[in-house]
Amino acid sequence: MSFRDIDEIIKDRKDNLLLPMLEEIQVKFGYVSEANAHYLSRKTGIPFSKIYGVITFYEMLYTEPKGKYIIRICNSPSCYLNGSLNLIKFLASLLKIKSGETTKNKKFSLEIVSCIGCCDKAPAMMINNKIYHNLDEKKIKKIISGLK
Amino acid sequence: MKILQNSNFKALSKIAGMKPEEIIEIIKKSGLTGRGGADFPTGLKLEFTRNSKGEKYVIANADEGEPGTFKDKLILEKNPNNIIEGMIIAGYAIGSNKGYLYLRGEYSYLKNKLQKVISNATKIANKLKIYFDIEIISGAGAYVCGDETAIIESIEGNRGNPRIKPPFPANKGLFNKPTLINNVETLANIPLIILDKNWNNNLRLFSLSGNVTKPGVYELESGFSLKKLINLGKPKNNIKAVYFGCSGGCIPYENIKLDSKTIKEKGAMLGSCTIIAIDEKHDLVDIATNIAKFFEYESCGKCTPCREGTMRVLELLEKISLKKAAKKDLDLLEELCRVIASTSLCELGQSSTNHITTALKYFRNEFTDKLK
């Protein structure tokens, strides 16, 4: 296994700030593997335990591989008042997974999340970096079938 | 909207020849107060940080995470220039040349656009002989990182656990250096203050959502009537209660002035002007359970009352929801709310039970009706 990508990331971060480095690693690999975290620790001198602690603290950093599309659907009050719970159930049955799980073909991961700031367009969800709003079952079905 | 007027570096040009003390004086006189919810006078914050010695930092808090709040997103999308210009002016005023914009992970789709605005702004500043470097740090989905000391921990590469205050960031902040932290709406107002002698601190951005058909950001004077605001939102059904986000608590829907003092007298908090309207079709035990889930999930785990308490609160509310709770459970819930509010380390825990305390104050029967 080559750690060249991680060397590059460390080189670009002269101030040794951990969070941006972890985010770069995740952009590259989709998650931060144990091997990569150990390598980062050795090269930067940041203890592995601290790196692991930071990854697991943040909801959007992962220690395990996730699906190609990470679906984050909001269930905070404004979305909840506009029917998000039914949509979450619908999405879970459509993808045949529960919140926190990934489909067998590694295409979709589903997460129920706190407010994503789209309360004026509730209910809303994010798929990777894109926002989908004013959702209903029909819309969700179309969005999901449109993702290749 | 006033807040979306692009100052286009006119404020930056204007302050280039001024003394930092003069800028702080202008901001102090304007009456600008923090828009993150705390309402602390920004001019004083600038002065405290200016008076601290050594290397200093500016942090823009773009980690808007309070459910129902989306006004910062509006500024980040529609008028990012003013935020960046405000950061540079603030940096110049306190004697700092390095700033961080802490952007919540959920808004990372705005990163490229913001990066361009930053590159352009720092170039223009350089021409004016103001040297200020700004870097965007992406958050990664932790509500607690809206707390100023949790942001500092997060940028430093730690878990986003809030620090005990004092020391305040103005004395010991990022990397233990004096640090000015402001919400993006506060910073975006700074160029407007520099350019407009009649700038008015009473203008607020209200995020209206929930059971209304015209949700959105409304720029209104503080003290605007709740009834008028809800009417602007055109609700389909009768509104029963309004929640000030998850942490601000709730009040019954009535004709009341929307200002911090009035809302505080009702036992709730106006905070960052978040209004979630709830119509009569919704059950408040259900809403309380939803909000309790939010706090249980977002508690950072550093202090015991919040970590354990939010979990037990959720358990009790679920029990009430399922009609399995007795009067003693409700008593326990109330006691727990008091303990969590008075002993938690940071605002997250301290305010996590407001929604229950206020719901029980105004809508107690909705809870007692469900008891065994």
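All chains are named by letter (A, B, ...) in the order of the sequence lines, taking the proteins before the strands, and each is independently numbered beginning at 1.
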Based on non-hydrogen pairs under 4.5 Å, which of [options] is most in contact with chain A?
{"options": "Asp286(B), Ile291(B), Asn161(B)", "answer": "Asp286(B)"}
{"options": "Cys246(B), Gly245(B), Ser209(B)", "answer": "Ser209(B)"}
{"options": "Glu64(B), Lys293(B), Arg104(B)", "answer": "Arg104(B)"}
{"options": "Asn158(B), Thr69(B), Ile136(B)", "answer": "Asn158(B)"}
{"options": "Gly139(B), Gly210(B), Ala142(B)", "answer": "Gly210(B)"}
{"options": "Gly301(B), Cys300(B), Gly68(B), Gly65(B)", "answer": "Gly68(B)"}

TODO: Between chain B and each of Ile116(A), Leu18(A), Ile55(A), count heavy-atom pairs under 4.5 Å; write down the option with the most.
DONE: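 When all of Ile116(A), Leu18(A), Ile55(A) are compared, Ile116(A) has the most.
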Which bit of [X] comes within less than 4.5 Å of chain B, counting heavy atoms only: side chain, backbone, both or neither?
{"X": "Ile51(A)", "result": "neither"}
{"X": "Pro20(A)", "result": "side chain"}
{"X": "Asn82(A)", "result": "side chain"}
{"X": "Asn128(A)", "result": "neither"}
{"X": "Cys79(A)", "result": "neither"}

Open item on the list: Check this for me: does any side-chain nitrogen of one of Arg13(A) and Glu135(B) sit under 4.0 Å from a carboxylate oxygen of the other?
Closed with: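 The answer is yes: the pair qualifies as a salt bridge.
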Open item on the list: Is the shortest side-chain heavy-atom distance between Phe294(B) and Cys115(A) below 4.5 Å?
Closed with: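 With C-beta onward as the side chain, the pair stays apart.
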Task: Side chain proximity check, Tyr297(B) to Ser114(A), heavy atoms < 4.5 angstrom - done: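 Side-chain contact under 4.5 Å: yes.
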Task: Inter-residue atom distance Arg159(B).CZ - Thr56(A).OG1, 0.5 Å rounding - done: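 The distance works out to 5.0 Å.
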Task: Partner of Leu81(A) by side-chain contact (heavy atoms from CB on, under 4.5 Å), out of Ile278(B), Asn290(B), Asp279(B) - done: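 Testing each of Ile278(B), Asn290(B), Asp279(B) against Leu81(A), the sole residue satisfying side-chain contact (heavy atoms from CB on, under 4.5 Å) is Ile278(B).
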TODO: Select one option (side chain, backbone, both, neither) describing which atoms of Glu66(B) are under 4.5 Å from chain A's heavy atoms.
DONE: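 Interface part for Glu66(B): backbone (N, CA, C, O).
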